[in-house]
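The structure under discussion appears below in the form of structure tokens.
Letters A, B, ... mirror the listed sequences (proteins, then strands); counts begin at 1.
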Amino acid sequence: MPEMPEVETIRRTLTGKVEGRKITRIEIGLPRLVKWPTAHEFQALITDRTVVTLQRRGKYLLFYLDNDYVLVIHLRMTGRLYYVNPGTTYDRFTHLIFTFDNGDLLLYADTRTLGTLYLLPQAELWRISGLVSMGPEPLSAEFTLDYLINMLSKRKAAIKSILLNQHLIGGLGNIYVDEALAIAGIDPERVANSLNATEAQYLYQAVNQVIADGIAHGGTTFRDYRDGAGQSGSHQYHLNVYGRTNEPCHRCGTAISRKEVAGRGTHYCPNCQK
DNA sequence: AATTCAGCCTGTGCGC
DNA sequence: TGCGCACAGGCTGAAT
């Protein structure tokens, strides 16, 4: 579900609420969501720990605790985190409940239950392979035009597949990849190493732009996504192609097409994207 | 090493 | 109201 702008928005809406708060109680309704260690150990190690800081890497949220452990949460497709006041009701998809020393709650809800939670010492974060092997993020100092050009030159998969690969670029997902390719005017099925320097530069700028805009708009809410306070984002009102199948292209009026690329539903303008 | 793809889950929306 | 199917914002691990 959430991509980097959504996870960053969640981080921003939660950080002031949870930093400095002690977790006094945890209820785990679906133990299999806890991937490391056992749910029982997870519960014991978190109880009575204080959240020192809340960070993000790609689509992972990292709650650094005062016992040198880190609570790592990946929301996958439908995971949600809500910070709520005591007495707030919650639905049957709420699988973990963290209670803080002021009585407030952090709810982890997940319809499809694909989300994952870990608790590891800082020195053992390497156990989360998707976290340690993540590529540079858009808008970061490491994500340079040279990096993108060099990386693309070695790849012959579809550009859509490359942009979705978290090992190569961290944080992009299906929405923002489709949007970046639309802004850059590049066909999602183009072989990565076929892009020339100009196209790579357009793509570089487009990737940074869609991520920055997504964050500025508080993320994209289609169905499940909400921020840490339960609020919807507004980037869905600024999309060029995603979810706009058969609607006119904002640039040329041609109907937006949809097809499967890299195993994902892909939206594009057949006239503007070459 | 790079790439593809089934599998993991449960829900919503549509055509009939 | 029900049934079957397509689709869903992501990632992992196995096979090629």
Side-chain angles (χ1 to χ4, degrees), chain A residues 1-10 29-36 56-61 72-81 91-95 108-118 127-135 137 150-181 188-193 210-211 213-215 217-227 232-246 257-267:
Chain A
M1 167 187 80
E3 305 177 35
M4 192 262 254
E6 288 73 40
V7 179
E8 174 59 17
T9 301
I10 291 170
L30 192 56
R32 67 175 162 79
L33 298 182
V34 177
K35 303 304 179 184
W36 189 276
R56 179 193 57 73
R57 177 76 176 96
K59 304 171 192 173
Y60 290 87
L61 282 168
V72 182
I73 300 179
H74 196 302
L75 303 168
R76 298 291 176 118
M77 296 289 265
T78 52
R80 288 159 286 157
L81 280 170
D91 60 27
R92 65 191 174 99
F93 303 112
T94 302
H95 302 303
Y108 177 83
D110 194 342
T111 309
R112 292 173 68 181
T113 70
L114 296 172
T116 50
L117 295 93
Y118 309 79
R127 292 185 185 279
I128 305 174
S129 60
L131 182 59
V132 291
S133 65
M134 189 173 302
E137 295 183 24
N150 186 47
M151 183 269 283
L152 294 180
S153 72
K154 300 171 184 169
R155 304 279 165 168
K156 58 179 180 148
I159 185 64
K160 164 121 183 183
S161 172
I162 298 303
L163 296 178
L164 284 172
N165 187 336
Q166 304 297 296
H167 301 278
L168 304 177
I169 301 175
L172 292 173
N174 207 33
I175 294 177
Y176 294 95
V177 165
D178 280 5
E179 291 300 307
L181 289 169
E189 289 189 300
R190 281 281 297 282
V191 170
N193 67 15
V210 294
I211 292 298
D213 289 352
I215 293 172
H217 294 137
T220 305
T221 297
F222 261 89
R223 171 177 301 174
D224 301 290
Y225 164 71
R226 299 292 186 280
D227 68 19
S232 296
S234 65
H235 193 64
Q236 63 274 20
Y237 303 118
H238 302 270
L239 298 175
N240 291 292
V241 289
Y242 187 88
R244 298 193 63 245
T245 307
N246 295 329
S257 290
R258 181 193 176 282
K259 62 182 171 183
E260 188 169 308
V261 180
R264 311 294 298 276
T266 300
H267 315 73

Please produce a list of atom pairs where a protein N or O lies less than 3.5 Å from an N or O of nucleotides 5-9 of chain B.
residue, atom, partner, partner atom, Å
B/dC9, O2, A/Arg112, NE, 2.8
B/dC9, N3, A/Arg112, NH2, 3.1

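The phosphate of B/dA2 has neither OP1 nor OP2 within less than 4.0 Å of any side-chain N or O from A/Lys154. When the side-chain nitrogen and oxygen atoms of A/Arg223 are compared with OP1 and OP2 of C/dA8, none of them lie within a distance under 4.0 Å. At least one side-chain nitrogen or oxygen of A/Arg155 sits closer than 4.0 Å to the OP1 or OP2 atom of B/dT3. Not one side-chain nitrogen or oxygen of A/Arg258 sits closer than 4.0 Å to the OP1 or OP2 atom of C/dA6. The side chain of A/His74 places no N or O atom within less than 4.0 Å of a non-bridging phosphate oxygen (OP1 or OP2) of C/dG10.
A side-chain donor from one of A/Thr111 and A/Arg80 sits under 3.5 Å from a side-chain acceptor of the other. Side-chain N/O atoms of A/Arg32 and A/Thr113 include a donor and acceptor closer than 3.5 Å. Judged by distance alone, the side chains of A/Asp110 and A/Thr78 do bring a donor and an acceptor atom under 3.5 Å apart.
Spacing between atom OH of A/Tyr225 and atom P of B/dG11 amounts to 23 Å, rounded to whole angstrom units. Per the geometry, NE2 belonging to A/His95 stands 9 Å off P belonging to B/dT10, to the nearest Å. Computed from coordinates, the A/Arg264 CZ to C/dA8 C1' distance equals 9 Å when rounded to whole Å. What separates CD1 of A/Ile128 from P of C/dG13 is a distance of 12 Å, to the nearest Å. Look at CD1 on A/Ile73: it is 18 Å from P on C/dG10, rounded to the nearest Å. Atom CE in A/Met4 sits about 18 Å away from atom P in C/dG9, given to the nearest Å. As rounded to whole Å, 15 Å separates atom P of B/dT10 from atom CG of A/Asp91. Look at CD on A/Glu260: it is 12 Å from C1' on C/dA8, rounded to the nearest Å.
Contact of the A/Tyr242 side chain with the A/Tyr176 side chain is not registered, since no non-hydrogen atoms from C-beta on lie closer than 4.5 Å. No side-chain heavy atom of A/Ile128 sits under 4.5 Å from any side-chain heavy atom of A/Trp36. Under the 4.5 Å side-chain criterion, counting only non-hydrogen atoms from C-beta, A/Glu3 is not in contact with A/Glu8. In this structure, the side chains of A/Ile10 and A/Leu75 come closer than 4.5 Å at one or more pairs of heavy atoms.
Listed candidates were B/dG11, C/dT12, B/dT4. Nearest to the side chain of A/Ser129 is C/dT12. Of the candidates C/dA8, B/dG11, B/dT3, the closest approach to any side-chain atom of A/Ala157 belongs to B/dT3.
DNA chain C is contacted by A/Gln166, A/Gly173, A/Asn174 of residues 158-174 of chain A, taking any non-hydrogen atom closer than 4.0 Å.
Backbone-only contact: A/Lys156 has heavy atoms under 4.0 Å from sugar-phosphate atoms and none from a base. As judged by a 4.0 angstrom heavy-atom cut-off over every strand, A/Tyr176 is placed among residues making no nucleic acid contact.
Remark: A/Thr266 engages A/Lys160 in a side-chain hydrogen bond (donor to acceptor under 3.5 Å, both in side chains) (not counting sequence neighbours). Looking at residues two or more places apart in sequence or on another chain, you find a ring-ring contact (aromatic ring centres under 6.0 Å, His included) between A/Tyr60 and A/His74. Among residues two or more places apart in sequence or in another chain, the ring-ring contact (aromatic ring centres under 6.0 Å, His included) test is passed with A/His95 by none.
Rounded to whole Å, the P atom of B/dC9 lies 14 Å from the corresponding atom of C/dG13.
No salt bridge links A/Lys59 with A/Glu6; every basic N to acidic carboxylate O contact stays at or beyond 4.0 Å.
Remark: A/Lys156 NZ is loosely packed, at most 12 non-hydrogen atoms of other residues, nucleotides or ligands lying under 6.0 Å away.
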(request) Before giving the answer on side-chain contact (heavy atoms from CB on, under 4.5 Å), spell out for A/Arg56 and A/Met4 the whole-Å C-alpha distance, their side-chain angles and the decisive distance to 0.1 Å. (result) CA-CA 9 Å; A/Arg56 179 193 57 73; A/Met4 192 262 254; 3.2 Å; yes

(request) Could you summarise the pairing of DNA chain C as dot-bracket text, marking Watson-Crick and G-U pairs under 3.5 Å with ( ) or [ ] inside the strand and | across strands? (result) .|||||||.|||||||

